[in-house]
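These notes concern the structure reproduced below.
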Amino acid sequence: MGDVAVGARSGHDGEEHRGRPVDAADPATDGAVTSGNDLGPDGSGGGSGEQPPTGGQESGGASSKPNKQRSFWKELPILIGIALVLALLIKTFLVQAFSIPSDSMQNTLQQGDRVLVDKLTPWFGSEPERGEVVVFHDPANWLAGEPTPDPNALQTFLSWIGLMPSAEEKDLIKRVIGVGGDTVECNGTGPLKVNGKALSEASYVYAGNTPCSQDDQGGQFKVKVPEGFIWVMGDHRQNSRDSRYNQSDKNHGMVPVDQVVGRAIVIAWPVNRWDNLPVPDTFEQNLSARSAALTVAPQGLALAGAVPLVLWRRQRIKAAESR
């Protein structure tokens, strides 16, 4: 190390000689090691016969080998495992894909469409609202007699992690018409009414269908939806086995809110049918059962207030006549 001098003792007279001082900022001292670098009595290397380190070694250990990067093929199983865990978490808590098996929601949804269902908001206490398209578990054997799909092992696995629509779960998809407290009714061919207010359904009911079906199987009805339940109907009114035609079950055709998987928000497949699934404008009107009650209340209050006034006036008339 020609540019670094260190102290040494002379072997002849015992006099101590010291080299020039080492600058603290001298780059040659950075990263220096002690092994094999001490000077011997003659000022050369420490008797081992080793050559002084090269310039690359003196400049802070730059010659040390860098850590070898892990092979891509070794990292691939880890990446796949992480992706599968994330997919499973997303399917369980956020979004899941479902396939449309029938024509009951035409033309909003076509058979074979894939929709993405929001499963997050129900975790925060959100309940289905009128006009939403929702997926729900079969509440009372509505799918009795329907063919059961027979997926292969790969389809079953991909469905389980959410990368393919669920194939084995018995789920249905319909539009929410009434929620807890609502009165829903159909007379003749329609219109369909919620709490006495007519719905304008031309934008989503299947072309050529009437909002209400004239039959004695359930197409004509007037029901009140209990709290904790919803009343659902398909957009293809004359081709949908929905709440109307399941009124003989244990829930009287209603769907328990806790059986709702989530709201269908997007048509994800096929590509040429990409679209969102908004709530139709007709449901933006004030359909609340409470508002309907309030329209009657002022009239009742007026009548109740008029009775004492009439009685008071009649008493005055009688008193005047008796004078």
Side-chain angles (χ1 to χ4, degrees), residues 79-143 146-177 179 204 228-236 240-243 251 254-280:
L79 296 175
I80 292 176
I82 294 173
L84 292 178
V85 170
L86 289 175
L88 182 58
L89 291 174
I90 290 172
K91 173 222 172 179
T92 303
F93 299 106
L94 300 179
V95 176
Q96 185 176 1
F98 286 85
S99 178
I100 306 303
S102 70
D103 297 328
S104 67
M105 282 297 291
Q106 285 182 317
N107 274 332
T108 303
L109 299 172
Q110 302 289 349
Q111 186 172 351
D113 284 353
R114 267 63 169 173
V115 297
L116 297 182
V117 174
D118 169 23
K119 300 177 69 174
L120 177 63
T121 50
W123 285 89
F124 294 95
S126 176
E127 295 190 355
E129 297 183 2
R130 304 180 196 91
E132 294 180 346
V133 176
V134 297
V135 171
F136 55 94
H137 300 310
D138 188 345
N141 209 24
W142 288 15
L143 294 175
E146 294 291 332
T148 303
D150 186 21
N152 57 38
L154 178 60
Q155 290 173 327
T156 300
F157 175 71
L158 293 178
S159 297
W160 179 71
I161 63 175
L163 296 181
M164 278 189 64
S166 175
E168 293 184 333
E169 295 177 0
K170 291 187 175 182
D171 299 319
L172 299 96
I173 184 166
K174 305 291 180 188
R175 190 179 298 279
V176 179
I177 301 298
V179 297
Y204 57 88
F229 290 82
I230 55 176
W231 178 272
V232 298
M233 296 172 68
D235 290 352
H236 197 340
S240 176
R241 185 170 179 80
D242 45 42
S243 290
N251 299 317
M254 314 293 175
V255 178
V257 169
D258 60 12
Q259 293 297 306
V260 175
V261 176
R263 175 187 173 185
I265 52 176
V266 172
I267 302 173
W269 188 263
V271 175
N272 63 349
R273 284 186 47 76
W274 279 357
D275 201 359
N276 62 347
L277 295 169
V279 174

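Residue numbers start at 1 and run along the sequence shown. Treat the numbers as computed from the prediction; the structure is a model and nothing was measured.
Interatomic distance, Arg273 CZ to Ile267 CD1, rounded to the nearest 0.5 Å: 4.5 Å. Distance CG/Asp103 to CD/Gln111: 5.0 Å, rounded to 0.5 Å. Going from atom CG of Asp171 over to atom CD of Gln96 covers 7.5 Å, rounded to the nearest 0.5 Å. A distance of 15.0 Å separates CD in Glu127 from CZ in Arg263, rounded to the nearest 0.5 Å. Taken from NE2 in His137 to CG in Asp258, the straight-line distance is 9.5 Å, to the nearest 0.5 Å. Atom CE in Met254 sits 15.5 Å away from atom CD in Gln259 (nearest 0.5 Å).
Judged as a side-chain contact (heavy atoms from CB on, under 4.5 Å), and not counting sequence neighbours, the contacts of Pro280 are Arg175, Ser203, Tyr204, Thr282, Phe283. Asn107 pairs by the side-chain hydrogen bond (donor to acceptor under 3.5 Å, both in side chains) definition with Gln110, not counting sequence neighbours. In this view, Ile100 and Leu109, Asp113, Val115, Ile173 satisfy the side-chain contact (heavy atoms from CB on, under 4.5 Å) rule, not counting sequence neighbours.
Using a 4.5 Å heavy-atom threshold, the side chains of Arg241 and Ser104 count as separate. Contact annotation: the side chain of Ile265 never approaches that of Asn276 to less than 4.5 Å [non-hydrogen atoms, C-beta and beyond]. When side chains are defined from C-beta on, Val179 does not count as touching Pro128, because their heavy atoms never get closer than 4.5 Å. By the 4.5 Å heavy-atom criterion applied to side chains, Arg114 and Phe98 are not counted as neighbours. Contact check for Val232 versus Phe136: side-chain heavy atoms found under the 4.5 Å cut-off.
Across Val117 and Gly262, no two heavy atoms sit closer than the pair CG1-C, 3.4 Å. Of all non-hydrogen atoms in Pro139 and Val255, the two that sit nearest each other are CG-CG2, 4.3 Å. Annotation for Met233 and Lys174: closest pair O-CB, 3.9 Å, computed over non-hydrogen atoms. Counting all heavy atoms, side chain and backbone alike, Phe229 lies closest to Val257 at N-CG2, 3.8 Å.
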Test side-chain contact (heavy atoms from CB on, under 4.5 Å) on Val176 and Glu129 and set out the steps. CA-CA 7 Å; Val176 179; Glu129 297 183 2; over 6 Å; no
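At distances below 3.5 Å, at least one donor-acceptor pair connects side-chain atoms of Asp138 with backbone N or O atoms of Leu143.
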